Asks: 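Sharing a structure here in structure tokens format.
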Amino acid sequence: MRLKNIDDSYIDSSVTLHGWIKKIRKLGELIFIDIREQTEIFQLRIEQTNSSLFELVSTLKNQFLIEVEGVVKKRKEINSEINNGHLELFVSEIKVISSSNSLPFIIEDKTDALEQKRMQYRYLDLRRPTNFKMLKFRSDVYRFFRNYLDSQAFIEVETPAINVPTIGGSKELLVNSTNFEDSNYTLSQSPQVYKQLLMISGVDKYFQIAKCFRDEKARSDRQMEFTQLDIEMSFTTEDEVKSLVEGMLQKLFTELLSFELPTIFPKIEYKDAILKYGSDKPDTRFDYLIEEVKKEKLLEQSSNPFLKKFANQFLFSLKLPIVLSTSKLKKYVEKAKSENELLFWVKKEKGTISSSLKPLEETFINSLEINDNEIIFFNFKATKEPMFLGRLRVELAKEFDLISSKERFNFLWVEHFPMFTIEDNVIGASHHPFTAPLDENFFNEKNIEEIKKYDSKSYDLVLNGNEIGGGSIRINNPKNQRFIFEKLGFSDKEINYYIGWFLEALSYGTPPHGGIAIGIDRLLAIMLNKETIREVIAFPKTSKATDELTKGPYKKNDKI
Ligand code: ASP
């Protein structure tokens, strides 16, 4: 019988239970064993009168899997911290089903085992109740999404994981197969083109809990494979996609966390997010916004010749109610310098103002509104993108607890990203190349400088300063879609070879459509207050993209 099925109706009945030994306590004439299965714990009682059992118990160790027979009785001393803490089993027989090696770490929720060890023995780590709860929660979330979207007339369609490359998208992992000597497939970076094809097929409301694969450099909170809730709808609008997601998440948070989200999530334009928060995924759980400052005041009055170099740049400031030592502040200035940024600060402590930039004219200092125990950071930028201050804002808010605890889950839409972004002089699609522009005049534009100014019908979903989803309204005709790939720098030959089949598909009566994908790993990590997405994935890779459990990846030409 399973531990979770025991209740008062079994009092005085004989039962057979099994479980992993959590703890053995010998109290002279009495031995207590706690056995555990998943999140359930049950107490076994062994009396000395049963000497053969007493002997057997001395051979048992933590995490042996045992089967026990006995009678369920009420306990004198009740343990109110566990289910059935008022019951125990008077044991008449014990059988070892399976013994256990000595453990690499203690299998309890509270553990100081290193992550590397926990991942190497992940199957034992998953025996910890907190991890079983995580797996169950994840399963509940999947079931919720399926039921909710089914109730809204969506149908779930699987699309191939083995795919061809999508030009203009993320870097893909290659699939080599004995079927092809000189060709390869790629692993699907997302079901994007397939979900659009389904709209052409007339599916109209699609979803999928999809595995996506991207060949990205290992980072602390990224995995080469991750799971998305992928959604697409025909004849839809930006607002409709957003309200579908809002309604769904509201119900999810109420049902699974008893947490009320607002009916409508706040929205911010991409450009404002960058200007005010120095981020395209602003953390709006706390204020302290970045401001553009009139640099003239500083430049004209300052006798510091060094500042003249920045006459053509923009000046941004960020004021925080914190006290930081000058040595710590110096580190930030140095860090900025290593990123080719000029950062300086002015702070007031015990009524005295000091600054990292000297000389700073009194007139400039007097023009600042600064209170005791406040610091103002200043940052010169060649573009109106104060990202350094944006990162500082978040880092220091976390360090100094400036984030309101009332804001446990703070959702935000960031809208209308530019169509294109330029990174290291290479033009790329901000969202992906299938995203439609806000203004159709975009497609008449010849001048690339003008084209760069256009925004898109795109939206990202941000939760507590983390991007957890993104989507857009799509282009639905082949001419416009070709225009995008041309502007992204692909030749006609490349376009026809790599994506011609998709452009052709668009030419058979494609409905207007749009959608979104929500990153389930990140969403769950935040819902469960876990530090990294690795804590919500059953068998994750490490932050270095290796696998501690299987010792993967294996060397290509190893002969064993
Ligand atoms: N396919 C997109 C992504 O994976 C999401 C979308 O536009 O629906 O980011």
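Please read these numbers as outputs of a predicted model, since none were measured by experiment. Residue numbers count from 1 along this sequence.
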Asks: Is it the case that atom NZ in Lys281 sees more than 12 heavy atoms from other parts of the structure closer than 6.0 Å?
Replies: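 Atom NZ in Lys281 is not packed in, count stays at 12 or less.
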
Asks: Between Asp125 and Arg118, is there a side-chain N and carboxylate O pair less than 4.0 Å apart?
Replies: yes

Asks: Does the pair Thr284 and Asn410 meet the rule for a side-chain hydrogen bond (donor to acceptor under 3.5 Å, both in side chains), with working shown?
Replies: CA-CA 7 Å; Thr284 46; Asn410 179 292; 2.7 Å; yes

Asks: Please step through salt bridge (Lys or Arg N to Asp or Glu O under 4.0 Å) for the pair Glu415 and Lys267, ending with a clear verdict.
Replies: CA-CA 7 Å; Glu415 311 181 295; Lys267 300 180 177 71; 5.3 Å; no

Asks: Would you say that Phe105 contacts Leu114 through its side chain, given a criterion of any heavy-atom pair below 4.5 Å between the two side chains?
Replies: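 Side chain of Phe105 against side chain of Leu114, heavy atoms only: no contact under 4.5 Å found.
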
Asks: Taking it one step at a time, do Gln192 and Gln196 satisfy side-chain hydrogen bond (donor to acceptor under 3.5 Å, both in side chains)?
Replies: CA-CA 6 Å; Gln192 186 61 38; Gln196 293 193 238; 3.0 Å; yes

Asks: Has the side chain of Glu238 got a donor or acceptor atom that lies under 3.5 Å from a matching backbone atom of Ile473?
Replies: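 Not confirmed, Glu238 side chain does not pair with Ile473 backbone.
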
Asks: Using a strict cut-off of less than 4.0 Å between a Lys/Arg side-chain nitrogen and an Asp/Glu carboxylate oxygen, indicate whether Lys4 and Glu40 qualify as a salt bridge.
Replies: no

Asks: Under a 4.0 Å threshold between the charged nitrogen and the carboxylate oxygen, would Arg391 count as salt-bridged to Glu339?
Replies: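 A salt bridge is present here (some side-chain N lies under 4.0 Å from a carboxylate O).
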
Asks: Is the Lys NZ or Arg CZ of Arg393 less than 6.0 Å from the centre of Phe286's six-membered ring, within 45° of the axis?
Replies: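 Yes, a cation-pi geometry holds between Arg393 and Phe286.
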
Asks: Using a 3.5 Å distance criterion without hydrogens, assess whether the side chain of Arg522 forms a donor-acceptor pair with backbone atoms of Glu467.
Replies: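 Such a contact is found between Arg522 side chain and Glu467 backbone.
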
Asks: Once you measure the plane-to-plane angle for Phe411 and Phe265, does it fall in the parallel (<30°), tilted (30-60°) or perpendicular (>60°) bin?
Replies: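 Ring orientation of Phe411 relative to Phe265: parallel.
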
Asks: For Asp239 and Thr237, does a side-chain donor sit closer than 3.5 Å to a side-chain acceptor?
Replies: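 Judged by distance alone, the side chains do not pair up.
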
Asks: Can you tell me if NZ on Lys350 sees more than 12 non-hydrogen neighbours from other groups inside 6.0 Å?
Replies: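 Result for NZ/Lys350: open.
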
Asks: Hey, could you give me the CG/OG1 distance between Asp221 and Thr532, rounded to the nearest 0.5 Å?
Replies: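 One finds 5.5 Å between CG of Asp221 and OG1 of Thr532.
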
Asks: Got a salt bridge between Glu69 and Lys95, using NZ or NE/NH1/NH2 to carboxylate O under 4.0 Å?
Replies: no

Asks: Thinking salt bridges, do Asp287 and Lys319 make one under a 4.0 Å N-O criterion?
Replies: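 Salt bridge: no.
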
Asks: So among Leu524, Leu229, Ile209, which one has a side-chain contact (heavy atoms from CB on, under 4.5 Å) with Val141?
Replies: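 The side-chain contact (heavy atoms from CB on, under 4.5 Å) with Val141 is passed solely by Leu524 among Leu524, Leu229, Ile209.
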
Asks: Just so I know, are the side chains of Ile94 and Ile46 near enough to count as touching, which here means a heavy-atom distance under 4.5 Å?
Replies: yes

Asks: Between Thr159 and Gln208, is the side-chain hydrogen bond (donor to acceptor under 3.5 Å, both in side chains) condition met? List the steps.
Replies: CA-CA 8 Å; Thr159 57; Gln208 178 181 194; 3.0 Å; yes

Asks: Should Asp34 and Arg25 count as an ion pair when the cut-off is N to O under 4.0 Å?
Replies: yes

Asks: Using a distance-only test with no angle check, is there a side-chain donor-acceptor pair under 3.5 angstrom linking Gln120 and Glu548?
Replies: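 Their side chains do not contain a donor-acceptor pair, so the 3.5 Å distance test is not met.
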
Asks: Can you tell me if Arg75 uses its side chain to pair, donor with acceptor, with the backbone of Glu77 under 3.5 Å?
Replies: yes

Asks: What's the spacing between Ile66 CD1 and Ile21 CD1 if we round to 0.5 Å?
Replies: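 One finds 4.0 Å between CD1 of Ile66 and CD1 of Ile21.
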
Asks: Are Phe409 and Phe253 an aromatic pair by the rule of ring centers under 6.0 Å?
Replies: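 Yes - the distance between ring centres of Phe409 and Phe253 falls below the 6.0 Å cut-off.
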
Asks: Among Lys544, Arg122, Arg534, exactly one meets salt bridge (charged side-chain N to carboxylate O under 4.0 Å, His left out) together with Glu115. Which residue is that?
Replies: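 When Lys544, Arg122, Arg534 are each tested with Glu115, the salt bridge (charged side-chain N to carboxylate O under 4.0 Å, His left out) holds only for Arg534.
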
Asks: With side-chain hydrogen bond (donor to acceptor under 3.5 Å, both in side chains) as the test, would you mind laying out the steps for Tyr142 and Arg138 before giving the verdict?
Replies: CA-CA 6 Å; Tyr142 280 28; Arg138 192 165 179 132; 3.0 Å; yes

Asks: Students often mix this up, so state it plainly: with edges at 30° and 60°, are the rings of Phe144 and Tyr148 parallel, tilted or perpendicular?
Replies: parallel

Asks: Do side-chain atoms of Thr130 reach the backbone of Asp109 as a donor and acceptor pair under 3.5 angstrom?
Replies: no

Asks: One pair to check against salt bridge (Lys or Arg N to Asp or Glu O under 4.0 Å): Glu399 and Lys328. What are the steps and the verdict?
Replies: CA-CA 13 Å; Glu399 191 177 327; Lys328 185 121 194 235; 2.6 Å; yes

Asks: Can you establish whether the number of heavy atoms outside Asp8 located under 6.0 Å from its atom CG is more than 12?
Replies: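 For Asp8, atom CG is crowded (more than 12 foreign heavy atoms under 6.0 Å).
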
Asks: Counting only heavy atoms not in Phe64 (residues, nucleotides, ligands), do more than 12 fall under 6.0 Å from its CZ?
Replies: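 Yes - once you tally the heavy atoms of other residues, nucleotides and ligands closer than 6.0 Å, there are more than 12.
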
Asks: Assess whether atom CD1 of Ile106 is packed by more than 12 heavy atoms of other residues, nucleotides or ligands within 6.0 Å.
Replies: no

Asks: Got a salt bridge between Lys23 and Glu108, using NZ or NE/NH1/NH2 to carboxylate O under 4.0 Å?
Replies: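 The answer is no: the pair does not qualify as a salt bridge.
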
Asks: Taking the basic N atoms (NZ, or NE/NH1/NH2) and the acidic carboxylate oxygens, is any pair closer than 4.0 Å for Lys530 and Glu535?
Replies: no

